[in-house]
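Just below is one structure, and these are the notes that go with it.
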Amino acid sequence: LITLSCNKSIHTVIISGTILLPLLKMKDSPIGDEGAKLISSILKRNEVVKSLTLEKTKIGQNGAFFIAEALKVNETLTFLNMNGNNLQNS
């Protein structure tokens with residue numbers, strides 16, 4: 001059980017080898033860069049989640065970097081939506 005606590009909002013994500021959770025949506029959850037860092041650590045060892053929605057979650061450049069680093073080793077995730085965040089081309 002992993003709990004993300006950001007801006008007085010609590011989001012619970014269950015990641016377990018026995019529980020199938022192929023779709024994770026966190027739209028409009030203000031997790032920010034720190035939440036993205038925690039999610040990236042989950043993604044690095046993920047064998048279940050195939051679709052992840054992080055739309056409008058207040059993730060910035062640093063958070064996007066954490067997610068990108070996790071995707072280098074993740075072979076399970078096939079869909080990622082990060083629309084509506086403070087990301088810019090660089």
Side-chain angles (χ1 to χ4, degrees):
L1 178 65
I2 298 168
T3 303
L4 305 177
S5 179
C6 303
N7 299 334
K8 299 182 182 177
S9 297
I10 297 175
H11 310 282
T12 304
V13 180
I14 300 172
I15 304 294
S16 167
T18 58
I19 298 174
L20 296 178
L21 186 66
L23 174 65
L24 178 58
K25 290 185 178 183
M26 299 192 72
K27 183 178 179 182
D28 296 318
S29 300
I31 65 168
D33 289 341
E34 287 303 311
K37 185 175 183 179
L38 181 54
I39 288 175
S40 73
S41 69
I42 294 167
L43 289 176
K44 286 179 182 176
R45 62 182 191 277
N46 169 54
E47 295 179 359
V48 178
V49 179
K50 294 182 180 183
S51 177
L52 176 60
T53 298
L54 297 173
E55 186 176 354
K56 298 179 183 176
T57 51
K58 299 187 186 262
I59 294 174
Q61 295 295 112
N62 291 335
F65 174 79
F66 295 132
I67 299 292
E69 288 298 306
L71 293 178
K72 290 180 181 179
V73 296
N74 182 299
E75 296 180 358
T76 305
L77 194 71
T78 58
F79 175 82
L80 174 63
N81 177 355
M82 292 183 65
N83 289 330
N85 286 293
N86 189 21
L87 306 177
Q88 301 170 3
N89 292 334
S90 56

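As the structure is a computational prediction, the values presented were derived from the model and not from experiment. Positions are given from 1 along the sequence.
- For K25, the side-chain contact (heavy atoms from CB on, under 4.5 Å) partners are L23, T53, not counting sequence neighbours.
- Going from atom CE of M82 over to atom CD1 of I59 covers 4.0 Å, rounded to the nearest 0.5 Å.
- Considering L24, I31, V49 as possible partners of I39, the one that fulfils the side chain to side chain contact (heavy atoms under 4.5 Å, CB included) test is I31.
- Atom-to-atom distance recorded for N46:CG and L52:CG is 9.0 Å, nearest 0.5 angstrom.
- Atoms NZ and CG, on K58 and D28 in that order, are 9.5 Å from each other to the nearest 0.5 Å.
- Of all heavy-atom pairs spanning Q88 and Q61, the tightest one is N-OE1, 2.8 Å.
- Taking all atoms of both residues into account, the shortest heavy-atom contact from S40 to A70 is O-CB, 3.3 Å.
- Partners of N81 according to the side chain to side chain donor-acceptor pair (under 3.5 Å) rule, which considers only residues two or more places apart in sequence or in another chain, are E55, N83.
- Applying the 4.5 Å side-chain rule to ILVMFWY residues, one finds F66 in the same cluster as F65.
- Under the side-chain contact (heavy atoms from CB on, under 4.5 Å) criterion, S41 pairs with L38, R45, sequence neighbours left out.
- Atom CD1 of I42 sits about 11.5 Å away from atom CG of N74, to the nearest 0.5 Å.
- Across A64 and L87, no two heavy atoms sit closer than the pair CB-CD2, 3.6 Å.
- Residues forming a side chain to side chain donor-acceptor pair (under 3.5 Å) with N85 (at least two apart in sequence, or on another chain): T57.
- How far CG of L80 is from OG of S51: 8.5 Å, rounded to the nearest 0.5 Å.
- Looking only at distances, no side-chain donor or acceptor of E47 sits under 3.5 Å from a matching main-chain atom of T76.
- Every pair passing salt bridge (Lys or Arg N to Asp or Glu O under 4.0 Å) that includes a residue from residues 61-72 is listed here, sequence neighbours excluded: E69-K72.
- In this structure, CG in L71 is found 10.5 Å from NZ in K44, a value given to the nearest 0.5 Å.
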